[in-house]
Amino acid sequence: MKENINLSNLPKHIAVIMDGNGRWAKKQGAMRIFGHHHGIKSVKDTVEGCVELGVKYLTLYTFSTENWNRPKLEVEGIMQLLIKTIGEEVPDLNKNNVRLKAIGDIESLPKSARKKLLDSIELTKTNTGLTLTLALSYSGKWEIVEVTKKIAQQVKSGALAIENITEEVFSSFLATGEAPDVDLMIRTGGDHRISNYLLWQLAYAELYFMDDLYWPEFRRQHLFEAIYEYQQRERRFGKTSEQLPSVKV
Ligand code: IPE
Ligand code: IPE
Ligand code: MG
């Protein structure tokens, strides 16, 4: 599958909703947390797949604002897993020239998780290959409200005039920073929804839903398949086929 990918037409920004961990675990009679543990291998393989191809931005939905409403035991298990994994992965991230970032309400994370995260971000900040962003305690509506607050503050202080609020200005305040909008959004686990993920950045993303695969089963070969499928699609951005520069053969 990798050989079929056109490297000059890679999605610049891939976003993933890593869903189905709980159901995968349940299928084998295990606790939900067992699924989260196994999801780590999928994350590593996906990161390596992106590095192998030269994808610039990968944003993973790791824990949503709404996920705080899960049973306490599961939330604690996920936070423990996060603390353990983020620290452990720094050498591999550096080896692969991957820069770690996080978006979301980081302040709401337990102190130890926040510390591990900020330390790992610091230790990988000069890497220039893939930017790996973890969406943690994140929701798209939360992000839009945060941007609105920042813009209101600037207007109030006189730094920004209302008539100068453009899409570009709005985008520049988003948590995803300099990352371009999402080109390809992959969701495992069979549900066809975006669950409050990157609402603004997904405006023109190609959506790729995997009906028969839970996140712990996801490997780079699935990533390659998704990218291949993405490259077969015609992205018109409102135009007609005839207006597009490249004619598909
Ligand atoms: C995704 O898997 C991981 C998180 C939301 C943290 P789920 O835990 O949602 O697994 P399912 O969807 O219940 O199977
Ligand atoms: C989305 O999955 C959040 C993450 C993968 C972190 P959920 O399992 O929380 O989504 P819903 O509740 O099914 O929409
Ligand atoms: Mg789920």
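Bear in mind that the values here come from a model prediction, so they are computed numbers and not experimental data. In what follows, every heavy atom counts, from backbone to side chain, and hydrogens, waters and symmetry copies are set aside. One-based numbering, in listed order, for ligands and for the atoms of each.
Between Asp92 and Lys95, at least one side-chain nitrogen of the basic residue sits less than 4.0 Å from a carboxylate oxygen of the acidic one, meeting the salt-bridge criterion. In summary, Arg235 and Asp183 engage in a salt bridge, as defined by a charged side-chain N under 4.0 Å from a carboxylate O. Ion pairing between Lys44 and Glu48 fails under the 4.0 Å rule for side-chain N and carboxylate O. For Lys101 and Glu178, the salt-bridge test passes: some basic side-chain N is under 4.0 Å from an acidic carboxylate O. For Lys150 and Glu146, the salt-bridge test fails: no basic side-chain N is under 4.0 Å from an acidic carboxylate O.
Ligand 1 has a nitrogen or oxygen under 3.5 angstrom from a nitrogen or oxygen of Arg70. For the pair Ser64 and ligand 2, the shortest N or O to N or O distance does not fall below 3.5 Å. Annotation: Asp19 places an N or O atom under 3.5 Å from an N or O atom of ligand 2; distance criterion only. The shortest N or O to N or O distance between Arg23 and ligand 1 is under 3.5 Å.
For ligand 1, the atoms closer than 4.0 angstrom to any heavy atom of Thr62 are 6 (C). Applying the 4.0 Å criterion to heavy atoms of Asn67 picks out, from ligand 1, the atoms 5 (C). Heavy-atom proximity to Phe63, at under 4.0 Å, picks out these atoms of ligand 2: 6 (C). Of all the atoms in ligand 2, the ones that sit under 4.0 Å from a non-hydrogen atom of Ile17 are 1 (C), 5 (C). Every atom of ligand 2 is numbered from 1 in the order shown, and the set under 4.0 Å from a heavy atom of Ser195 is 10 (O), 11 (P), 14 (O).
Ligand 2 lies within reach of Arg193, whose nearest heavy atom is under 4.0 Å from it. Remark: distances from the non-hydrogen atoms of Arg187 to ligand 2 include one below 4.0 Å. Heavy-atom distances between Gly189 and ligand 1 stay at or above 4.0 Å for every pair.
Hydrophobic clustering (side-chain heavy atoms under 4.5 Å, transitive across Ile, Leu, Val, Met, Phe, Trp, Tyr) groups Val169 together with Leu199. Note: the hydrophobic cluster containing Phe224 also contains Tyr228 (ILVMFWY, side chain heavy atoms under 4.5 Å, direct or indirect links). Side-chain heavy atoms closer than 4.5 Å link hydrophobic residues (I, L, V, M, F, W, Y) into clusters, and following such links, even through other members, never connects Leu109 to Ile103. Met18 and Ile40 fall into different hydrophobic clusters, where Ile, Leu, Val, Met, Phe, Trp and Tyr are joined by side-chain heavy atoms under 4.5 Å apart, directly or via other members.
The Mg ion (ligand 3) sits nearest to atom OD1 when only the N, O or S atoms of Asp19 are considered.
Closest to atom 10 (O) of ligand 1, if we only count protein heavy atoms, is Gly22 N, 2.9 Å. Of the protein's non-hydrogen atoms, the one nearest atom 1 (C) of ligand 1 is Met18 O, 3.0 Å. Nearest non-hydrogen protein atom to atom 6 (C) of ligand 2 is Tyr61 O, 3.3 Å.
By the criterion of a heavy-atom distance under 4.0 Å, neither the backbone nor the side chain of Tyr197 is placed next to ligand 2.
Between Trp24 and His38, the ring planes lie tilted relative to each other; the angle falls in the 30° to 60° range.
Side-chain polar atoms of Asn97 and Thr128 form a donor-acceptor pair below 3.5 angstrom.
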